Number of protein chains: 2
Amino acid sequence: MLEARLASAAVLKKLLDGTAIKELVTDCNLEANEEGIGLQAMDNSHVALVTVQLEAGEFDSYRCDRNMPLGVNLGSLTKILRCAKDNDVVTLKASDDADSLTLLFESPNSDRVGEYDMKLMDIDQEHLGIPDTQYDATITFSSTEFARICRDLSALGESVKIEVDKQGIRFSSDGEIGNGSVLLKHSAGRGGAPAENKPKVKKETKRDPDDEDGSDADEEDVKPDVDEDDVKPEVDEDEEEYELQDEPEIVEDKPKKRGRAPAKKETNGKATKKVTACKTKDGDEDGEVGVSIILQQSVSLTFSLKYLLNFAKSAPLSKYVTLNMSNEVPLLVAFEFSQGHINYYLAPKVSLAYAIRDL
Amino acid sequence: MLEARLASAAVLKKLLDGTAIKELVTDCNLEANEEGIGLQAMDNSHVALVTVQLEAGEFDSYRCDRNMPLGVNLGSLTKILRCAKDNDVVTLKASDDADSLTLLFESPNSDRVGEYDMKLMDIDQEHLGIPDTQYDATITFSSTEFARICRDLSALGESVKIEVDKQGIRFSSDGEIGNGSVLLKHSAGRGGAPAENKPKVKKETKRDPDDEDGSDADEEDVKPDVDEDDVKPEVDEDEEEYELQDEPEIVEDKPKKRGRAPAKKETNGKATKKVTACKTKDGDEDGEVGVSIILQQSVSLTFSLKYLLNFAKSAPLSKYVTLNMSNEVPLLVAFEFSQGHINYYLAPKVSLAYAIRDL
DNA sequence: TGGATAGCAT
DNA sequence: ATGCTATCCA
């Protein structure tokens, strides 16, 4: 039995309407359980993976007795969410034997009530465990800037090379008409992205903050990297340790696995994760949000712009985006918003070589 | 000889450009006479009928010596109206032997004058007499809300069931992806739609206010149901009597007539009518306009959303829309604006059964 | 932010 | 030919 209430439909609408999820996959399970509502979907070509988590604690009220996989058609869900106005109060309901999900949209003063039942389907979806990876480079900056760069460079070529070093992050693309690159310099001295809009840094749903080594890392706890939590100016050396899950090896949907059935690995539970980047409280709220770069090691990776463009559509959800990269490893593009987060993983383009080899 | 002058082209533009008229019919007669300019058109499938009346008295100047049917192609008229700016002064001219209609568009300060001649055609159009019907349910509410509901529900299914009872009005639709419903609650205590923007409650063009039983109901008088005029909270009982024409029987284009030639009934003249819903002066001007429900009897009817979507495109003409319904009778969707009104009639879907039987 | 249009898919 | 999606414009 699920009953979850959100004060505003805006986030849900943005999540499904604007966003790239439904461009990656048409059907997928919403996983409702005590921790909240999650979603995991890999695109057909197995190059990209998206993960969403809405935290139970961030709902206005939340009740879910047991694990409930709600198989939805994302197009249908999108259509129905379009029937909500941004400031409508949303209630999601599903009974245990649910073959449908009920969405209730109430105007703030309740003089308009929309009730929508969406048929659910059985989706045999493997749930990937995504270990919490330590990345060599973590860059947090304006999400609209990110969208802008992807858009700009997509005018030139189909892929973008992203290079990060101590100086900054460089996006570059080549094509018939020429080539271009955008360099974002590390906002030295300033702390990069302010905490604002990267909501409540930690709001442990049920685990306590230091219980992070759980063998079954089904906790998608928002508790980050305590050390870089505050005003500490980013450094490029290696003392920026994330709290690491016990599985340092790389994501399931890694390039090498392409072409085969995706690894079914239920062990890690929901396995959403959050590599929260540094956030400092200092200034530049408004326009300039700064560029925060945390670097273990320089990285250089190439990605499909088509996917990044899609990912960037999530920009309305958050003022900031965090790019997490290690060489030869899928990029993680993470947006955090008040009720949760959305993470996109994208295999680097070199991976295609492996994939072809594997075929 | 017709010469009619409007201070602003905006209404004309909205009437023909945004609106659904030209989606229902391609050619039709504009009927100019002393009462103003009218239009009546039935769509090809004879399911929907639209009626427009521009009151002579609401023009800045109006002169029309005799009945003049001006056969226009609505696409052409639309194209020409697009040549007017919203605040242009419009003058319509046609001579008695007119085979063309002249439209004059003058900028407010007269430093730009556009003159357009549109070829007219002979259209052998039967003019339907539409008796003033007493409806079991009359609902007045925000026209944009109406448009929104039609749009939302059309994502789900092809038809909408409209149910009205004392509590409110419910629109619901079923389809493959699920089903949905929107309930608007009667704005109890508040007066429903404020008078504002439901223009000049009565502006008797030439008849005097109490001469409403005119056998030829060509008067489209806005004088309503005096009793419910003000702060009086709506009641659901039957004292809400409309002023009734002498023909209580039902509209010509009733379901049973479908498939045959529409009844030609010139007796009632133009036969526009107005079942003006209650309007009170009290509050909530801005966002919430309230929902006024006047109910003789609960109704439940099903309509094609495709048509309602079209009708709803007239929302820019008025802040309010009025739905008039009786069971088994065509719905009347009425918009009133400063210069007149536009009425859409739509046969309920049950009619299709009759229609098929009639075939 | 919402509406309109044009292109693509069914 | 129609409906839907995606992009563009107001």
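Computation of the quantities below employed the complete heavy-atom set of this structure, encompassing side-chain atoms and omitting hydrogens, waters and symmetry-equivalent molecules. Here the structure is a predicted model, which means the values were calculated and not measured. Throughout, a chain's letter reflects where its sequence line sits, starting with A, and its residues are numbered from 1.
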So for atom CG, which belongs to B/Asn109, do other residues, nucleotides or ligands contribute more than 12 heavy atoms lying within a distance under 6.0 Å?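 More than 12 heavy atoms, drawn from other residues, nucleotides or ligands, come within 6.0 Å of this atom.
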
Tell me: [atom1] of [X] to [atom2] of [N], nearest whole Å?
X: B/Leu156; N: D/dG3; atom1: CG; atom2: P; answer: 17 Å
X: A/Leu309; N: D/dT5; atom1: CG; atom2: C1'; answer: 17 Å
X: B/Asn310; N: D/dG3; atom1: CG; atom2: P; answer: 12 Å
X: A/Asn87; N: C/dG2; atom1: CG; atom2: P; answer: 11 Å
X: B/Ile177; N: D/dC4; atom1: CD1; atom2: P; answer: 11 Å
X: B/Lys306; N: D/dC4; atom1: NZ; atom2: P; answer: 13 Å
X: A/Leu81; N: C/dG2; atom1: CG; atom2: P; answer: 14 Å
X: A/Asp17; N: D/dC4; atom1: CG; atom2: P; answer: 15 Å

Is A/Glu23 touching bases, backbone alone, or none of the nucleic acid, heavy atoms closer than 4.0 Å?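 Answer is sugar-phosphate: A/Glu23 comes under 4.0 Å of backbone atoms only.
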
Specify the closest pair of heavy atoms between A/Leu39 and A/Cys28, including all atoms of both residues, with the distance to one decimal.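 Reported closest heavy-atom pair: CG-SG, 3.6 Å.
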
Distance flag, aromatic centroids of A/Phe141 and A/Tyr320, threshold under 6.0 Å: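 They do not qualify: ring centres at least 6.0 Å apart.
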
From the list B/Leu16, B/Leu30, B/Ile80, side-chain contact (heavy atoms from CB on, under 4.5 Å) with B/Val72 holds only for B/Leu30

